[in-house]
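Encoded as structure tokens, the structure appears first; notes follow it.
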Amino acid sequence: MRTLIKNGTVVTATDQYTGDVLVEDEKIAVIGTLLDIQADKVIDASGKYVLPGGIDVHTHLDMPFGGATSADDFETGTRAAAFGGTTSIVDFAIQYRGQTLHDAWEAWIKKADGKAVIDYGFHMIITELTDQVEGEMDALVRQGITSFKLFMAYPGVFMLDDASIFKALLRTGTNGGTICMHAENGGVIDVLVQRALAAGKRAPKYHALTRPARAEAEATHRAIALAEIADVPIYIVHLSAAEALEMVTEARDRGLPAFAETCPQYLFLSYDNYEEPDFGGSKYVMSPPLRDKAKQDQLWRGLAFNDLQAIATDHCPFCMKEKRLGQDDFSKIPNGAPGIETRMSLVYDGGVRTGRISLNRFVELTSTSPAKIFGLFPRKGTIAPGSDADIVVFDPNRAITLSAKTLHMNVDYNPYEGRQVTGATDTVLSRGRLVIENGTFVGRAGAGSFLKRATRS
Ligand code: URP
Ligand code: ZN
Ligand code: ZN
């Protein structure tokens, strides 16, 4: 099967030129100008960008959490991702206490197999680090699960003590894996939550007010310090606070391999959203919480100057029925919000169109850099001969209005309801197969494959 994408503006992390891209079966075969080659399908990309497919390295599909399960499974979630221009995800499998990593992996593979529309990999969340589990980390790395998420928050559920965190970090020094850290001081937050509840402070906004930016900064600093002692890289997930970014910047200025992602919600939403009436603030209950609007410029600077290397979504949607589990107690509101479909348009509109980041940097942050950090490059994350034909034809001039009614995520609200953005995904190829054609889904559940990722080089 040959597909020829003609006359588009091809954009990678480093290049921008008018050209044609020939896809042969699953791979990019030829890039040139005015290619005169027979193809089974020709896509006219005039006036459009031809981008490497987005890579979202932080999603939670079909994930039990706080008495509910995230509303998108691997079929609805990956379909929505494709609509939004994302062609690979790395989701989080969870090892519950008492479980082996192998059993956890099998459980998550079952959730994805036969359902995913695009390619998917897994990070493994470790909640208990016995000697046996430590040994299993090596086996997982060999099987292509080359990153592990650890929590410094949620005591009694996900949180690991510093000794276990340190042992896991040390283990990645020999097996080549990467530790991804949820960096918030869970002990401090727990005390603040109990005191708020005891004082009758039960509304959604207290979720944010009991998770101070300094608790994120402290944990970020500690995580980086533990990684420095262990002499390994570290990746901070869903960084929200400018104070935490300062810790990453300071470490990078000292030459440490500290990496971090942020998410669109921390760039476009803020603490003010928690003040929305009628329990509306619950839509934004996520951890870390939304921060002050005035600090967002610091995150944008971090993205522009490479102190932040990736934009992921932390897609973890719950319908309002589930959010209402915390109607009378903010600490019972399931944590998380939808975002898998809106990332590329939001960041293009609010980042590139405003001049905060360049078009090349947009590609780098949403595709190339996550691919490099998580062992997918150059198979994914660029447009080059031999790379997977994961390609997005993106219209930089098409305006869309974000709404739960018209988006495809399986959730009954959208945090950006009514927001108009300019820049939208028209057509998507995943390993050469059309998944979205001019805004219509033409893909197939089960066509996505498990991504066996490489270790750090
Ligand atoms: O609130 C969030 N972020 N929910 C998903 C779980 C996590 O910590 O990433
Ligand atoms: Zn987290
Ligand atoms: Zn998450």
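Both counts, for ligands and for their atoms, begin at 1 and track the order of listing.
With sequence neighbours left out, the side-chain hydrogen bond (donor to acceptor under 3.5 Å, both in side chains) criterion links Glu275 to Tyr271.
At a heavy-atom cutoff of 4.0 Å, ligand 1 is contacted by the side chain of Lys149 but not by its backbone. Under 4.0 angstrom from ligand 1, the non-hydrogen atoms of Asp314 all belong to its side chain. Heavy atoms of Met286 found under 4.0 angstrom from ligand 1 belong to the backbone as well as the side chain. Only the side chain of Phe151 comes within contact range of ligand 1, with a heavy atom under 4.0 Å; no backbone atom does.
The two atoms that bring Gly135 and Arg171 nearest to each other are CA-NH2, 3.6 Å, heavy atoms only. Of all heavy-atom pairs between Arg361 and Ala304, the closest is NE-O, 4.2 Å.
The protein heavy atom nearest to atom 4 (N) of ligand 1 is Asn335 O, 3.2 Å.
The ligand atoms of ligand 1 that sit less than 4.0 angstrom from a heavy atom of His60 are 5 (C), 6 (C), 7 (C), 9 (O). Annotation for ligand 1: atoms under 4.0 Å from non-hydrogen atoms of His182 are 8 (O). Per-residue contacts place Ser287 under 4.0 angstrom from the following atoms of ligand 1 (heavy atoms of the residue considered): 1 (O), 2 (C), 3 (N).
For the pair Arg211 and Tyr154, the distance from NZ or CZ to the six-membered ring centre is under 6.0 Å and the angle to the ring normal is within 45 degrees.
Counting just the N/O/S atoms of His58, the one with the shortest distance to the Zn ion (ligand 3) is named NE2.
The CD atom of Glu134 lies 6.0 Å from the NZ atom of Lys167; values are rounded to the nearest 0.5 Å.
If you look at His123 and Phe374, their ring centroids are closer than 6.0 Å.
By the neighbour-count criterion of 12 heavy atoms within 6.0 Å, atom NZ of Lys111 is densely surrounded, having more than that number from other residues, nucleotides or ligands. Shown here is Asp231, whose CG atom has no more than 12 heavy atoms of other residues, nucleotides or ligands within 6.0 Å. Counting non-hydrogen atoms of neighbouring residues, nucleotides and ligands closer than 6.0 angstrom, the NZ atom of Lys293 exceeds 12 such neighbours.
Around the Zn ion (ligand 2), the protein atoms of type N, O or S that sit closer than 2.8 Å are Lys149 NZ, His182 ND1, His238 NE2.
Exactly one residue among Val392, Val117, Val428 makes a side chain to side chain contact (heavy atoms under 4.5 Å, CB included) with Ile436. That residue is Val428.
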